[in-house]
Amino acid sequence: MAPTSVGEALSALASATDPDDLKVLAGGQSLMPMLNLRLAQPMTLLDINGLHGAWGSIELGTGCMQVGALVRQRAAERSPVVAEHCPLLAEALPHVAHVQIRNRGTVGGSIAHADPSAELPAVALALDAQLQVIGPQGERQVAASEFFRGFLTTDLAADEMLSRIDFPRLAPGTGTCFLEVSRRRGDFALVAAAAVLTVRDGLIVAARLAFAGVASGPVLSSEAESTLIGAEPSPQVLDAAAHSAAEALSPPADVHGSANYRRHLARVLARSALTTAWERIVG
Ligand SMILES: Cc1cc2nc3c(=O)[nH]c(=O)nc-3n(C[C@H](O)[C@H](O)[C@H](O)COP(=O)(O)OP(=O)(O)OC[C@H]3O[C@@H](n4cnc5c(N)ncnc54)[C@H](O)[C@@H]3O)c2cc1C
């Protein structure tokens, strides 16, 4: 099915008696491998690439940058608007797979898919992005911190779609940094850290540190936030925040790395990301 209007797409979603029978297809870069491996076996694919307008555009809204769910990851990576207004997203995008995959993969698809090792959900969490969801009852907005519910699971109901991601504009005095370690260039993150730091009058007034690859979904560290807010930025404070954030994690162990190794990576990446974010404010 290839709807050309949102109404048509929503009717198709509403008509599915079993949610597993119908799957939304955006860039296909996660869904097609899942079909190939028979991890998903829907009767019908709902190809939403025919939805135009805001679904495929990047706009500056009031206090935020609005990225349509169907914006290709590569288009966002090359966008001067993203580079200027959302440098954390711009820095994270080249870590997502390879150019060929980013040419098809969409920003919304990555966030809706919610892979725990994916870069963009962690960026959305670190920036406190607001996710615009459309369904039979109309539109609703969900904070990234409420959206990710666990392994490949989000707040989206079976009859809803993610239509847009609103990334808040950065306050003056804000620095950001995204860092990751993966086994090979283009692989999913073993661990990634996304840091956002705002300093005013010599004190940290806002701080958000998010990780990928350390749990069943992206993780926002409340420990780092409480260590940082109100403190004067210094190497010791940033290290203490990275340490407290990493200690609070219970990362999974698998063939790619033990839990201890991932925790170690989380601490090192967090400290470096926070330090670079701070240097970018100063610089
Ligand atoms: C070899 C390879 C390496 C990769 N490496 C990485 C990596 O390092 N990091 C990374 O983050 N990703 C990686 N990916 C995944 C890639 O980034 C995908 O593009 C992304 O995860 C999904 O985006 P998509 O547009 O292709 O979505 P699709 O594959 O079309 O859809 C993915 C899921 O999201 C749902 N969905 C999609 N859009 C919407 C929407 N608007 N509303 C509701 N539901 C929706 C679909 O129904 C499906 O369940 C890799 C993929 C491949 C094939």
Side-chain angles (χ1 to χ4, degrees), residues 1-3 6 9-10 12-13 16 19-37 39-56 67-77 89 92-125 131-135 139-140 142 147-149 151-165 178 180-192 194 210-213 217-218 256:
M1 258 183 221
V6 174
L10 290 177
L13 283 170
D20 290 337
D21 276 352
L22 186 143
K23 278 274 174 204
V24 168
L25 173 76
Q29 298 305 299
S30 291
L31 186 54
M32 295 311 287
M34 288 180 77
L35 296 179
N36 214 5
L37 296 167
L39 295 173
Q41 302 192 36
M43 304 290 287
T44 309
L45 290 180
L46 186 67
D47 178 352
I48 60 171
N49 287 276
L51 304 182
H52 296 295
W55 284 75
V67 179
L70 288 175
V71 168
R72 306 285 169 197
Q73 293 154 4
R74 181 71 170 153
E77 179 185 345
L89 179 61
L93 278 161
H95 291 280
V96 177
H98 306 280
V99 169
Q100 291 84 346
I101 290 160
R102 298 198 295 276
N103 278 337
R104 290 299 303 166
T106 63
V107 173
S110 173
I111 288 175
H113 188 56
D115 189 295
S117 297
E119 292 80 4
L120 302 192
V123 168
L125 206 50
L131 308 178
Q132 307 298 319
V133 171
I134 190 156
E139 289 188 88
R140 66 189 178 97
V142 190
F147 187 77
F148 300 106
R149 293 286 177 87
F151 184 73
L152 304 186
T153 308
T154 69
D155 186 53
L156 281 174
D159 55 1
E160 292 181 318
M161 293 181 291
L162 176 63
S163 59
R164 200 180 76 211
I165 304 100
F178 184 92
E180 117 168 20
V181 169
S182 58
R183 287 177 63 234
R184 293 164 304 195
R185 180 93 189 143
D187 278 4
F188 279 93
L190 259 179
V191 177
F211 294 105
H256 304 305

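In this chain, numbering begins with 1 at the start of the sequence shown. Note that ligands are numbered from 1 as they come in the structure, with each ligand's atoms numbered from 1 the same way. Fair warning: this is a prediction, and the values are worked out from it, not measured in the lab.
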**OP:** For Gly105, take its heavy atoms, then give the atoms of ligand 1 lying under 4.0 Å from any of them.
**Re:** 19 (O), 25 (O), 26 (O)
Original post:
Would you say Pro42 and Leu35 make side-chain contact, with heavy atoms under 4.5 Å?
Top reply: yes
Original post:
Quick one: does Arg104's side chain have a donor or acceptor within less than 3.5 Å of a partner on Gln29's backbone?
Top reply: no
Original post:
With a 4.0 Å heavy-atom cut-off (strictly under), which part of Leu156 contacts ligand 1: side chain, backbone, both or neither?
Top reply: side chain
Subject >> Asn36 side, atom CG; Leu31 side, atom CG - distance, nearest 0.5 Å >> reply: 11.0 Å
Subject >> Check: Met161 and Trp55 side chains under 4.5 Å, non-hydrogen atoms >> reply: yes
Subject >> Closest non-hydrogen atom pair between Ala69 and Thr106, with its separation >> reply: O-CB, 3.3 Å
**OP:** Provide the number and element of each atom of ligand 1 under 4.0 Å from a heavy atom of His95.
**Re:** 8 (O)
Original post:
Which one holds for Leu120 and ligand 1: side chain close, backbone close, both close, or neither close, with close meaning a heavy atom under 4.0 Å?
Top reply: neither
Subject >> Geometric N/O contact Ala189 with ligand 1, under 3.5 angstrom >> reply: no
Subject >> Spacing of Glu180 atom CD and Leu190 atom CG [to the nearest 0.5 Å] >> reply: 8.5 Å
Original post:
Heavy atom of Val96 under 4.0 Å from ligand 1?
Top reply: yes
Original post:
Hey, is ligand 1 close enough to Ala69 that some N/O pair sits below 3.5 Å?
Top reply: no
Original post:
Looking at CG of Leu46 and NZ of Lys23, how far apart are the two atoms once the value is rounded to the nearest 0.5 Å?
Top reply: 11.5 Å
Original post:
Does Ile101 approach ligand 1 within less than 4.0 angstrom via side chain, backbone, both or neither, non-hydrogen atoms only?
Top reply: side chain
Original post:
Quick one: does Arg104 get an N or O within less than 3.5 Å of an N or O on ligand 1?
Top reply: no
**OP:** With heavy atoms of Ala118 as the reference, note each atom of ligand 1 found under 4.0 Å away.
**Re:** 11 (O)
Original post:
If you count the atoms of ligand 1 from 1 in the order shown, which ones are under 4.0 Å from a heavy atom of Met161?
Top reply: 42 (N), 43 (C)
Original post:
Short N/O distance, under 3.5 Å, between Met32 and ligand 1?
Top reply: no
Original post:
Are Leu120 and Leu89 side-chain neighbours, meaning at least one heavy-atom pair lies under 4.5 Å?
Top reply: yes
Subject >> Where ligand 1 meets Gly28 - atom numbers and elements under 4.0 angstrom, heavy-atom basis >> reply: 24 (P), 26 (O), 27 (O), 28 (P), 29 (O), 30 (O)
Original post:
Any idea which protein heavy atom is nearest atom 26 (O) of ligand 1, and the distance to it?
Top reply: Gln29 N, 2.7 Å
Original post:
Hey, does Asn103 have a side-chain heavy atom less than 4.5 Å from the side chain of Arg72?
Top reply: no
**OP:** Starting from atom 37 (C) of ligand 1, locate the nearest protein heavy atom and write down its residue, its atom name and how far away it is, to 0.1 Å.
**Re:** Gly109 CA, 3.6 Å
Original post:
Starting from atom 25 (O) of ligand 1, which protein heavy atom do you reach first, and at what distance in Å?
Top reply: Thr106 OG1, 2.6 Å
Original post:
Any N or O on Trp55 sitting closer than 3.5 Å to an N or O of ligand 1?
Top reply: no
Original post:
Tell me, which protein residue and heavy-atom name are nearest atom 31 (O) of ligand 1, and how many Å apart are they?
Top reply: Leu31 CB, 4.0 Å
Subject >> Distance (rounded to the nearest 0.5 Å) between Ile111 CD1 and Leu162 CG >> reply: 6.5 Å
Original post:
Hey, is Gln73 one of the residues with a heavy atom under 4.0 angstrom from ligand 1?
Top reply: yes
Original post:
So, do Leu22 and Thr44 sit near enough that their side-chain heavy atoms are less than 4.5 Å apart?
Top reply: yes
Original post:
Which residue owns the protein heavy atom closest to atom 47 (O) of ligand 1, what's the atom, and how far is it?
Top reply: Val24 O, 2.5 Å
Subject >> Where ligand 1 meets Ile48 - atom numbers and elements under 4.0 angstrom, heavy-atom basis >> reply: 41 (N)
**OP:** Could you tell me whether Ser117 and ligand 1 have an N or O pair separated by under 3.5 Å?
**Re:** no
Original post:
Can you tell which of Glu119, Glu160, Lys23 gets a heavy atom nearest to atom 9 (N) of ligand 1?
Top reply: Glu119
Original post:
Quick one: CG on Leu39 to CG on Leu152, what's the gap to the nearest 0.5 Å?
Top reply: 9.5 Å
Original post:
If you take all heavy atoms of Gly217 and Pro116, which pair is closest and at what distance?
Top reply: N-CB, 3.8 Å
**OP:** Counting heavy atoms only, name the option from Gly27, Ala97, Ala40, Ser30 that's nearest to atom 50 (C) of ligand 1.
**Re:** Ala97
Original post:
Which protein non-hydrogen atom lies closest to atom 45 (C) of ligand 1, naming both residue and atom, and how far is it?
Top reply: Ala112 CB, 3.5 Å
Original post:
Is the shortest N/O to N/O distance between Ala26 and ligand 1 below 3.5 Å?
Top reply: yes
Original post:
Do any nitrogen or oxygen atoms of Phe188 lie less than 3.5 angstrom from nitrogen or oxygen atoms of ligand 1?
Top reply: yes
Original post:
Do the side chain of Arg102 and the main chain of Ala97 share a donor and acceptor less than 3.5 angstrom apart?
Top reply: yes
Original post:
How about Val24 and Leu13: do any of their side-chain heavy atoms sit closer than 4.5 Å?
Top reply: yes
Subject >> Selected option - heavy-atom contact closest to atom 40 (C) of ligand 1, from Ile134, Leu152, Leu131, Leu162 >> reply: Leu162
Original post:
Looking only at heavy atoms, which two atoms of Ala194 and Phe178 are closest? And how far apart?
Top reply: CB-CD1, 3.9 Å
Original post:
Considering only protein heavy atoms, which is closest to atom 33 (C) of ligand 1, and at what distance to one decimal place?
Top reply: His113 ND1, 3.6 Å
Original post:
Of all the atoms in ligand 1, which lie at a distance below 4.0 Å from a heavy atom belonging to Gly186?
Top reply: 5 (N), 8 (O)
Original post:
If we only count heavy atoms from C-beta on, is the Glu160 to Arg140 side-chain gap below 4.5 Å?
Top reply: yes
Original post:
Can you list the ligand 1 atoms lying under 4.0 Å from a non-hydrogen atom of Asp187?
Top reply: 8 (O)
Original post:
Do Val133 and Asp155 have side chains that get closer than 4.5 Å, going by heavy atoms?
Top reply: no
**OP:** Could you tell me whether His98 approaches ligand 1 through its side chain, its backbone, both or neither, with non-hydrogen atoms closer than 4.0 Å?
**Re:** neither
